[in-house]
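First up is the structure itself, then whatever we jot down about it.
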Amino acid sequence: MENVNIPVHVAVIMDGNGRWAKKRLMPRSFGHNAGMNAMIAMARKAKAMGVKYLTVYALSTENLARPKEELDGLFNLIRKYFTKNVKDLYAEGAAVRVIGDMSALPQDVQQLIADGVKNSPAEAQFFVILALNYGARSEITRAVNAAISRGERVTEQTFSSYLDTKEFPDPDLIIRTGGELRLSNFLLWQAAYSELYFTDVLFPDFDEKQFEKAVKSYSGRNRRFGKV
Ligand code: FPP
């Protein structure tokens, strides 16, 4: 794509895996498997287009209340991602990061995640940021308590440094697949000036063409950040 203004940071709410599976009379875990493949393809496409940060909402704090069978499937996908798929990422010079409260995840998953972050290339040009047991209100509450325990009054700038996303710029573009028109507790502080893109496409069907379409929509917009 020529003459396209590429967002530095894209964040994606990957919704619709369950409905995609249901349409095929398959269990929800089948949809999550397909979703993970779509996520990996999307990361490759984002990197190829020149995006620098891709944040994906892989597990919300609310998702932790799902039935054990579905959660076990999601934890197994995380295990697979951090034992197998990250190696391809590293080989391509990309790094993995996480946001969210890891402490509620199974011990072995926490260890795999810590290793995955630690073993990432130091000089990465592209970051996949997995939101795991992530909820913006939980993140903000944790940040407030961290500031209080240091006895610090915060400003808009210093507050950002207490958030899980402190290493990353705010998202330029937030995409939500699956037809719902809401943010569902995702990056509420960071989304202040993000451009939003909603599509009915279910996440497993959100392919490279769809990602390109979302970026094209973004690049045609006039961002004023409240100014004239
Ligand atoms: C929402 O769809 C999606 C999720 C709860 C999980 C998203 C996870 C992936 C796409 C891949 C997982 C990758 C890793 C590394 C864990 P939904 O199930 O709520 O769909 P529905 O709204 O159709 O029911």
Side-chain angles (χ1 to χ4, degrees), residues 10-46 53-90 94-102 104-106 108-117 119-120 126-136 138 164 174-187 198-208 210-211 214:
V10 179
V12 186
I13 301 173
M14 308 184 290
D15 199 12
N17 295 345
R19 280 165 284 163
W20 186 90
K22 194 169 177 202
K23 281 204 320 201
R24 289 161 178 78
L25 308 177
M26 294 296 279
R28 296 177 62 81
S29 58
F30 183 73
H32 294 318
N33 273 302
M36 183 148 119
N37 292 336
M39 181 183 102
I40 291 164
M42 176 172 73
R44 202 156 274 142
K45 177 68 178 173
Y53 304 90
L54 179 73
T55 299
V56 288
Y57 208 177
L59 191 70
S60 69
T61 49
E62 292 74 21
N63 290 156
L64 280 196
R66 288 195 176 183
K68 184 176 180 312
E69 192 190 337
E70 182 173 353
L71 268 184
D72 283 344
L74 283 165
F75 291 146
N76 280 337
L77 279 181
I78 299 173
R79 289 185 179 100
K80 189 173 158 204
Y81 188 82
F82 280 94
T83 47
K84 186 170 169 289
N85 306 104
V86 284
K87 301 210 173 93
D88 298 335
L89 264 188
Y90 301 161
V96 63
R97 294 284 187 272
V98 286
I99 57 172
D101 180 4
M102 301 304 125
L105 303 180
D108 72 301
V109 172
Q110 288 186 43
Q111 189 57 52
L112 286 173
I113 292 169
D115 292 344
V117 172
N119 297 331
S120 290
F126 180 70
F127 294 82
V128 174
I129 303 155
L130 296 174
L132 296 170
N133 189 25
Y134 176 85
S138 153
D164 296 348
I174 297 181
I175 298 171
R176 182 175 187 141
T177 65
E180 312 288 357
L181 305 177
R182 53 178 174 260
L183 286 178
S184 299
N185 204 14
F186 189 47
L187 301 176
F198 296 98
T199 171
D200 288 338
V201 174
L202 303 175
F203 188 69
D205 291 328
F206 190 78
D207 60 13
E208 298 189 356
Q210 294 293 336
F211 185 82

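Whatever order the structure lists them in is the order used to number ligands and atoms, beginning at 1.
- Using 4.0 Å as the threshold, G16 has a heavy atom nearer than that to some atom of ligand 1.
- With respect to the salt-bridge test (charged N to carboxylate O, under 4.0 angstrom), the residues K84 and D88 do not qualify.
- Counting heavy atoms closer than 4.0 Å to ligand 1, residue R66 contributes side-chain atoms (C-beta onward) but none from N, CA, C or O.
- Residue contacts with ligand 1 for N63 involve side-chain atoms from C-beta outward but no N, CA, C or O (heavy atoms, distance under 4.0 Å).
- With distances taken over non-hydrogen atoms, the option nearest atom 11 (C) of ligand 1 out of E70, E62, M36 is M36.
- Checking Q210 against D205 by side-chain atom types alone, no donor-acceptor pair falls below 3.5 Å.
- In terms of protein heavy atoms, atom 20 (O) of ligand 1 is closest to G18 N, 3.1 Å.
- Residue-to-ligand polar distances keep Y57 apart from ligand 1: every N/O pair is separated by 3.5 Å or more.
- Near G35, the atoms of ligand 1 lying under 4.0 angstrom from a non-hydrogen atom of the residue are 10 (C).
- Among protein heavy atoms, the minimum distance from atom 4 (C) of ligand 1 is reached at H32 CE1, 3.7 Å.
- Per-residue contacts place I78 under 4.0 angstrom from the following atoms of ligand 1 (heavy atoms of the residue considered): 16 (C).
- What sits closest to atom 6 (C) of ligand 1 on the protein, heavy atoms only, is A58 O, 3.4 Å.
- Looking at R28 against ligand 1, only its side chain comes within 4.0 Å, counting heavy atoms.
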